[in-house]
Novice: 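Let me give you the structure first, and then I'll get to my questions.
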Protein chains: 2
Amino acid sequence: MTRMLKENNLSKNQQIVLDIIEKAKGPLKAYSILFNVQKKGIKAPPQIYRALDKLIEIGKIHKIESKNAFVACRSSNCEISKATAFSICESCEKVDEISDKSLSKYLSSYNDKKGMKFKKFNLEFFGLCKKCK
Amino acid sequence: MTRMLKENNLSKNQQIVLDIIEKAKGPLKAYSILFNVQKKGIKAPPQIYRALDKLIEIGKIHKIESKNAFVACRSSNCEISKATAFSICESCEKVDEISDKSLSKYLSSYNDKKGMKFKKFNLEFFGLCKKCK
DNA sequence: TTACATAGTGTTATATTATAACAAAATAAA
DNA sequence: TTTATTTTGTTATAATATAACACTATGTAA
Ligand SMILES: [Zn+2]
Ligand SMILES: [Zn+2]
Ligand SMILES: [Zn+2]
Ligand SMILES: [Zn+2]
């Protein structure tokens, strides 16, 4: 019997949340996601946060820590989010994921003076985007 | 008349909050600071958050975004916090500020491909500290 | 198939983090 | 002094996130 390969391993709630985040033009907050999916039967915060946690874990989305908001991963290298960098416009709140091999390489191989070996980093740049400056 | 130079321009609440953060061994959360200073007459969250905001603004402390917690600045170069980097142990929660001229220079002069000019960045590394690995 | 384990769901309640708004007091500058 | 600015104290509330528990769906292996 031919073995079915499961292409899409997302659950219903995970897919709903991912769809919304991917369609959004900017970072979304958990409760704004919640309000947007209440018509689809998702009624309570834990359902959103569980989906968000899973999507982060598998690298489909990232959390912008300085904004408590979530964006879809736009970088195909990002299977697991262990090396993330973002540019954030302080005026219009536009957020872009930075996919720069040399930056990522530089930081991934960075060793600090205290003998700590890093597994993961998150970098957030702030400034004004083209449109806002 | 000789002009008095004000050496220490912190207000009472700002100084109380800074003292606690500087004495702490690790990052402190806003409400844990609040509970610790209630004996000193500070009773409500806004008093803490205002002090924190001011201390961040003048570079005396930094916020660890991934932990919603605050640490004292240990880097004398950090008058204004526009270039911050931290190492965070995922096991014991130890946080160290990274003061590395070359890292800071590399990131401060980083230009992204979308024509955005950055004014500020925050970098958080995660891993296991010496003790925990 | 059955049995078992794992992952996901729905729900209620609550914990944690942060800000709005406004009047009063302290401090700095003119 | 007068005036402006900053800081404080206070109450209330907003925004973000998790605990706990019963239940359902799905995957794995005997
Ligand atoms: Zn990504
Ligand atoms: Zn902008
Ligand atoms: Zn610093
Ligand atoms: Zn450690």
Side-chain angles (χ1 to χ4, degrees), chain A residues 1-21 24 26-71 93 95, chain B residues 1-21 24 26-58 60-71 93 95 124:
Chain A
M1 200 185 180
T2 49
R3 195 127 168 58
M4 261 314 189
L5 265 188
K6 204 174 182 190
E7 288 299 314
N8 179 346
N9 53 354
L10 295 181
S11 74
K12 180 182 132 261
N13 288 358
Q14 288 158 13
Q15 190 63 59
I16 290 172
V17 169
L18 179 58
D19 285 346
I20 296 229
I21 295 175
L28 291 184
K29 303 223 159 205
Y31 276 74
S32 103
I33 295 169
L34 175 58
F35 298 141
N36 274 282
V37 297
Q38 286 186 326
K39 45 184 174 288
K40 289 192 173 129
I42 299 183
K43 286 174 185 154
Q47 297 172 286
I48 301 297
Y49 282 101
R50 284 176 198 141
L52 290 171
D53 288 348
K54 183 67 179 191
L55 293 168
I56 288 169
E57 190 193 321
I58 63 179
K60 293 284 189 185
I61 66 170
H62 304 297
K63 181 174 186 182
I64 307 301
E65 295 287 355
S66 61
K67 303 174 81 67
N68 298 316
F70 304 85
V71 294
E93 315 267 283
V95 170
Chain B
M1 200 186 183
T2 48
R3 198 130 166 54
M4 260 317 189
L5 267 189
K6 202 174 185 190
E7 288 300 312
N8 179 344
N9 53 355
L10 294 181
S11 75
K12 180 181 132 262
N13 288 0
Q14 288 158 13
Q15 191 63 59
I16 291 171
V17 170
L18 179 58
D19 285 347
I20 296 227
I21 296 175
L28 292 184
K29 303 222 159 205
Y31 276 74
S32 106
I33 295 169
L34 176 58
F35 297 140
N36 275 282
V37 298
Q38 286 185 326
K39 45 185 175 289
K40 290 193 171 127
I42 299 183
K43 286 174 186 156
Q47 297 171 285
I48 302 296
Y49 281 102
R50 283 176 198 141
L52 291 172
D53 288 347
K54 182 70 179 189
L55 292 168
I56 288 169
E57 189 193 321
I58 63 179
K60 293 285 189 186
I61 66 169
H62 303 297
K63 181 173 186 182
I64 307 301
E65 294 287 356
S66 60
K67 303 174 80 67
N68 297 318
F70 304 86
V71 294
E93 314 268 284
V95 170
E124 298 182 2

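Chain identifiers are assigned alphabetically (A, B, ...) following the order of the sequence lines, protein sequences preceding nucleic acid strands; residue numbering begins at 1 within each chain. In this text the structure is predicted, and so the values were computed from the model without any measurement. Keep in mind that the numbers below use all heavy atoms, side chains included, and drop hydrogens, waters and symmetry copies.
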Novice: In whole angstroms, how far is the C1' atom of D/dT18 from the CG atom of A/Leu34?
Specialist: 14 Å

Novice: Using whole Å, what does the distance between atom P of nucleotide C/dA18 and atom OH of B/Tyr31 come to?
Specialist: 9 Å

Novice: Let me know the distance between NZ of B/Lys54 and P of C/dA18, rounded to the nearest Å.
Specialist: 20 Å

Novice: Taking atom C1' of D/dT10 as reference, at what distance in whole Å does atom CD of B/Gln38 sit?
Specialist: 14 Å

Novice: Look at B/Tyr49 and C/dA18 and indicate whether a side-chain polar atom (N or O) is within less than 4.0 Å of OP1 or OP2.
Specialist: yes

Novice: How would you label the contact of B/Lys63 with the nucleic acid (heavy atoms, under 4.0 Å): base, sugar-phosphate, or nothing?
Specialist: sugar-phosphate

Novice: Return the CG to CG distance between B/Asn36 and B/Leu28, rounded to the nearest 0.5 Å.
Specialist: 7.5 Å

Novice: Which residue is it: A/Ile21, A/Val17, A/Leu55? I am looking for the one with a side-chain contact (heavy atoms from CB on, under 4.5 Å) to A/Lys60.
Specialist: A/Leu55

Novice: Rounded to the nearest 0.5 Å, how far apart are CG of A/Asn68 and CG of B/Asn68?
Specialist: 6.0 Å

Novice: Could you pull out the closest heavy-atom pair between B/Lys67 and B/Pro27, with the gap in Å?
Specialist: CE-CG, 4.4 Å

Novice: For B/Asn13 and for B/Asn68, find the nucleotide of DNA chain D with the closest heavy atom, then tell me which residue's nucleotide is more 5'.
Specialist: B/Asn13

Novice: Is the phosphate of C/dT27, meaning OP1 or OP2, less than 4.0 Å from a side-chain N or O of B/Ser11?
Specialist: no

Novice: Taking only side-chain N and O atoms of B/Gln47, does any of them lie within less than 4.0 angstrom of OP1 or OP2 on D/dG9?
Specialist: yes

Novice: To the nearest angstrom, how far is A/Arg50 atom CZ from D/dA17 atom C1'?
Specialist: 12 Å

Novice: Can you check the B/Asp53 CG to C/dA18 P distance for me, whole Å?
Specialist: 10 Å

Novice: For the pair made of CG in B/Leu52 and P in C/dT17, what is the distance, rounded to whole Å?
Specialist: 12 Å

Novice: Go nucleotide by nucleotide along DNA chain D from the 5' end; which of B/Pro46 and B/Gln14 gets its closest nucleotide reached first?
Specialist: B/Gln14

Novice: To the nearest Å, how far apart are A/Lys29 NZ and C/dT19 C1'?
Specialist: 12 Å

Novice: Taking only side-chain N and O atoms of A/Lys12, does any of them lie within less than 4.0 angstrom of OP1 or OP2 on C/dT9?
Specialist: no

Novice: Taking all non-hydrogen atoms of both residues into account, name the closest pair between B/Glu124 and B/Glu65 and its distance.
Specialist: OE2-N, 2.9 Å

